[in-house]
Amino acid sequence: MNIGITVYPTYGGSGIVGSEIGRELADNGHNVHFISSALPTRLTELNERVHFHEVEMMNYPLFEHQPYDLALATKMATVVRSENLDLLHVHYAIPHSISAILARESIKQKRYVPVITTLHGTDITLVGADRSYLPITKYGLQQSDGVTAVSRFLKQATIETFDFDEIEVIPNFICPNYYQRNFDLPLRKELVNDGEKLLVHVSNFRPVKRPQDCIEVAAKVRGKGGNVRLVMVGDGPERSACEYRAEQLGIKEYTDFVGKRDNIADYLAVADIFLLPSESESFGLAALEAQACEVPVIASRIGGIPEVVTDKETGFLSDVEDTEKMSEDTLRLLNDDEMRRAFGERARELAVLRYSATEIIPQYLKFYEKILGEARSASAT
Ligand code: GMT
């Protein structure tokens with residue numbers, strides 16, 4: 001197949017998932033064409049099966065805001081025709097599904113290219129649900145040829161908010177060879193001193209991730225005698241507030257902000273415990289990646305997280321904001337090597353069993369075939 005993929009190329013879960021799908025499809029012999037404003041973050045390598053088409057935008061002074069959605073639609077239509085694309089698969093509904101539908105409609109006299117929209121989370125729960133975007137998001141869902149969501153929770157949220165239920169749940173995935181525990185990496189020694197345990201948080205530091213709660217948890221754990229160091233990976237609007245909070249709580253010297261990193265897997269490979277105290281999370285890809293590295297997860301019981309983290313088996317879940325319980329659970333795991341090891345092993349076992357790329361990519365391919373078949377039947381009638 002020739003598949004067009006559009007993602008937000010910035011630091012975010014949907015961009016990562018879209019890029020990884022493209023890479024896996026290419027490994028399975030398909031031709032993948034990324035259509036985006038920049039090369040997606042994790043797409044470091046282009047080759048004969050992985051192509052990139054940059055959306056070009058005219059910078060005209062009359063435009064206070066550049067109409068990216070239209071430039072994207074134009075580029076999609078151009079690439080569909082020049083590369084003979086079979087379908088457009090867009091990640092994150094706004095504005096990608098609308099641009100793809102516009103592209104499809106603008107060329108449908110020549111050929112019909114089905115549009116598949118994958119919902120990731122805030123495109124439904126936050127942005128899409130906002131009154132300024134709700135009607136157009138609903139239209140994008142209704143007009144897509146196929147819609148997938150990354151968790152059962154997100155499907156249910158979409159039904160409730162948009163009264164739209166033709167959604168296939170295809171969860172996010174990991175490559176088990178890429179995400180593995182490896183305490184021997186030199187990074188472990190760079191991050192912690194002998195005797196210290198390593199807490200890791202990875203996110204884009206948006207308020208929805210509540211990264212300040214990680215600081216609270218680490219401070220409480222240290223206050224109760226836990227010899228921990230907290231490494232905060234990533235960057236975003238809450239970072240300086242987190243740095244300030246670490247100073248206020250007196251744990252600045254035990255907290256490292258390392259910024260955006262390409263080698264996230266290395267940080268997870270050397271971690272003892274992963275923290276994800278988000279107030280909203282449709283799936284929690286970072287938690288899955290941590291678990292694949294045998295790292296137990298301390299997270300909030302919210303959204304799709306309980307589908308990914310099994311409470312009392314691969315980690316501990318708490319109510320949002322309950323940093324007291326999160327710190328108690330962290331200490332429990334830190335003080336019990338056997339429990340930590342057992343949780344870690346079970347976490348990897350379930351991650352590999354349920355969420356390996358080899359398990360999930362065929363589900364996407366089957367869905368593509370179904371949508372293409374339906375489009376062919378519709379055009380034959
Ligand atoms: O929250 C982010 O990190 C970004 C956001 C996105 O769409 O780029 O992530 C969402 O998609 C991820 C991949 O499917 C999920 O793992 C995240 O849970 C989801 N974030 C939220 O729902 C807040």
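Read the numbers this way: they start at 1 and go in the same order the structure lists the ligands and their atoms. Computed from a predicted structure; not experimentally measured.
When the shell of 6.0 Å around CZ of F183 is examined, it contains more than 12 heavy atoms from other residues, nucleotides or ligands. Atom CD of E166 has 12 or fewer neighbouring heavy atoms from other residues, nucleotides or ligands inside a 6.0 Å radius.
Of all the atoms in ligand 1, the ones that sit under 4.0 Å from a non-hydrogen atom of N172 are 13 (C), 14 (O), 16 (O). Heavy-atom contacts of K209 reach the following atoms of ligand 1: 1 (O), 2 (C), 3 (O) (cutoff under 4.0 Å). Each of the atoms 7 (O) of ligand 1 lies under 4.0 Å from some heavy atom of Y92. Every atom of ligand 1 with a heavy atom of L285 under 4.0 Å away is listed here by number and element: 16 (O).
Looking at G121 next to ligand 1, no N or O pair under 3.5 Å apart turns up. Residue contacts with ligand 1: H120 is placed with a nitrogen or oxygen under 3.5 Å of a nitrogen or oxygen of the ligand (distance criterion only). Residue G13 places at least one N or O, backbone or side chain, under 3.5 Å from an N or O of ligand 1. For ligand 1, the polar-atom distance check finds no N/O of S280 at less than 3.5 Å from any of the ligand's N/O atoms. Residue V17 places no N or O, backbone or side chain, under 3.5 Å from any N or O of ligand 1.
Judged by the 6.0 Å and 45° rule, R239 forms no cation-pi pair with F205.
With a 4.0 Å heavy-atom cut-off, ligand 1 is reached by the side chain of N204 but not by its N, CA, C or O.
Looking at R341 and E345, a side-chain N of the basic residue comes within less than 4.0 Å of a carboxylate O on the acidic one, giving a salt bridge. Using a cut-off of 4.0 Å between Lys/Arg side-chain N and Asp/Glu carboxylate O, D319 and K325 are scored as not salt-bridged.
Side-chain atoms of E359 do not come within 3.5 Å of backbone N or O of S356 as any donor-acceptor pair. Between the side chain of S318 and the backbone N or O of S300 there is no donor-acceptor pair closer than 3.5 Å.
Atom CD of E369 and atom OH of Y364 lie 15.5 Å apart (nearest 0.5 Å).
At least one heavy atom of R206 sits closer than 4.0 Å to an atom of ligand 1.
Among S282, G18, G303, A149, the residue whose heavy atom lies nearest to atom 15 (C) of ligand 1 is S282.
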